[in-house]
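Along the sequence shown, residues are numbered consecutively beginning with 1. Start at 1 and go down the list; that is how both ligands and their atoms are numbered. What you see is a predicted model, and the numbers here were worked out from it, not measured in a lab.
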Amino acid sequence: MITNYPLTKKQTEKIIAEHPTPFHIYDEKAIRENSRKLYKAFSWSKDFMNYFAVKALPNPFILKILKEEGMGTDCSSLPELMLSEKAGILGENIMFTSNDTPAEEYAYAKKIGAIINLDDISHIHMLEKAAGIPNLICFRYNPGKARTGNTLIGHPEEAKYGFTKGQLIEGYTIMKKKGVKRFGLHTMVVSNELNPDYHIETARMLFNLAAEISAKVGIRFEFVNLGGGYGTPYKPTDKAIDLDYVSDGIKKAYDEIIVKNSLDPLRIVMECGRMITGPYGWMVTAVRHIKNTYKDYVGCDACMANLMRPALYGAYHHITVLGKEDKKSSHKYDVTGSLCENNDKFAVDRMLPEISAGDILAIHNSGAHGHAMGFNYNGKLRSAELLLRQDGSVVEIRRAETAADYFSTLDFGKLEKFKQENFINSLK
Ligand SMILES: *Cc1c(COP(=O)(O)O)cnc(C)c1O
């Protein structure tokens, strides 16, 4: 089941009168309700927290809402750390989970008191040189052959992330010697996984590993970070993860492993992004042209620069034709953008009601990795982001880019001089 678009065509047209298409619109009420559902499911776990993966929806207005719902942030770059601070999410409410990390980003993360989650054993030395050893450290585990991944993230063995088990034991031993007193353990092995048992299995794996390392190294873990990767329904036939089921399974594993080995209390945290906001965002775009050649094409005023997932992974994004919700899907279309790349398609061979120029489409599940993946190739500009507030009002939480933004990194004064110099040189 996918989440219905929350507005009528009429309501949408009223919004468009003030905020021209294309835009992404996010449903605040649904995001808050969904966040509460997650926290309720894990209410048995003391100090449970989700560190929202900023990359999914890097907008400070959204981060502020999630902060109010008790979340922190999971950041992987300096600008993401800065964005988190702007939203008022600070210190240990930030998890810095990066890879191939530059030294200065570790230094910044340490300075602001974020939890540093190292991706590799060689980073210990680099971190110490760049910033000194923090009093709390987390390592990312890559289980290799012990687990299978999924198509979006690949198999752990092929993934560039994380420590091997041997490296974890060595790494924690080094950190203990250096006087570190507080420890965390993290993994992230799948992306967009809808199978709830997989997520329970990941927790069980981390609990067992925490128990083993505690015994071998003689340290006590403060938290395990189960990572993100909780899937959301993209297709009408997909089934959402039952969070209560996952939570029950994780609690059972916790009692069997953590409580039994006297490692209780062990804080459980996550860093889900997609599951928190993905289903509660829609990209709204108007149809410019209908083109009938070897196939029938619907040409939109948005393109893959505004929502790249279909072009990037062949991802399915459901499309609602506003005002035609009850009409039969009788026509087969490719729904395209205007970028000069033939994979600039939101849907291929999609059955939809008959569409005319001027129709408005809502493309579902744009609340994660939608606007965030935007780019400027082909001179395409990123769209605005709007927030549908709980009282039904709409606020713009990011304006659309203009041509001036596109040119802002160029120096045209220098260009003028450059031309003159070439001219003078050519006379010599
Ligand atoms: C992308 C990412 C996440 C969030 O993944 P979702 O699929 O959005 O839940 C969490 N942790 C790390 C390290 C990531 O790279």
Handout entry: SB check D244 K40 (cutoff 4.0 Å)
Key = no
Problem - Short N or O distance, R274 and ligand 1, threshold 3.5 Å exclusive - result: yes
Problem - N142 side chain vs Y161 backbone, donor-acceptor pair below 3.5 Å - result: yes
Exercise for the section: May I ask whether M275 has any heavy atom positioned less than 4.0 angstrom from an atom of ligand 1? Expected result: no
Problem - Identified side-chain contact (heavy atoms from CB on, under 4.5 Å) counterpart of L322 within the set L361, T12, T8, L7 - result: T12
Exercise for the section: Tell me, please: is G227 in heavy-atom contact with ligand 1, that is, under 4.0 Å? Expected result: no
Exercise for the section: Could you say whether the N/O atoms of A56 and ligand 1 ever approach to under 3.5 Å? Expected result: no
Problem - Per-atom contacts of ligand 1 with A53, taking only distances under 4.0 Å to non-hydrogen atoms - result: 3 (C), 4 (C)
Exercise for the section: Look up atom CG in L81 and atom CD1 in I89, then write down how far apart they are to the nearest 0.5 Å. Expected result: 12.0 Å
Fill in the blank from the handout: Here the atoms of ligand 1 under 4.0 Å from any heavy atom belonging to R140 are 13 (C)
Problem - Pair T320-H364, side-chain donor/acceptor within less than 3.5 Å - result: yes
Practice task
Please round to the nearest 0.5 Å and tell me the distance separating atom CG of N59 and atom OG1 of T277.
Solution key: 10.5 Å
Problem - Heteroatom proximity flag, H186 to ligand 1, N/O under 3.5 Å - result: no
Fill in the blank from the handout: Counting from 1 in the order shown, the ligand 1 atoms closer than 4.0 Å to a non-hydrogen atom of H369 are 8 (O)
Problem - From H289 atom NE2 to D301 atom CG, the distance as rounded to the nearest 0.5 Å - result: 10.0 Å
Handout entry: NZ (K327) with more than 12 external heavy atoms under 6.0 Å
Key = no
Problem - Note: E325-K9 ion pair, threshold 4.0 Å (strictly below) - result: no
Exercise for the section: If you have a sec, work out which protein heavy atom is nearest atom 6 (P) of ligand 1 and how many Å separate them, to one decimal? Expected result: G229 N, 3.5 Å
Completion exercise
Any heavy atom of E271 under 4.0 Å from ligand 1? The part involved is both
Practice task
For D74, counting its heavy atoms only, list the atoms of ligand 1 lying under 4.0 Å from any of them.
Solution key: 10 (C), 11 (N), 12 (C)
Practice task
Pull out every atom of ligand 1 sitting under 4.0 Å from any heavy atom of T97, numbered as shown with elements.
Solution key: 13 (C)
Practice task
Kindly confirm or rule out an N or O of G273 lying under 3.5 angstrom from an N or O of ligand 1.
Solution key: yes
Completion exercise
For atom 1 (C) of ligand 1, the closest protein heavy atom turns out to be K55 NZ, 1.3 Å
Completion exercise
shortest atom 5 (O) of ligand 1-to-protein heavy-atom contact is with M188 CE, 3.5 Å
Exercise for the section: Just jot down the ligand 1 atoms closer than 4.0 angstrom to any heavy atom of C272, in number order. Expected result: 9 (O)
Handout entry: Geometric class of the F42/F48 ring pair [parallel <30°, tilted 30-60°, perpendicular >60°]
Key = parallel
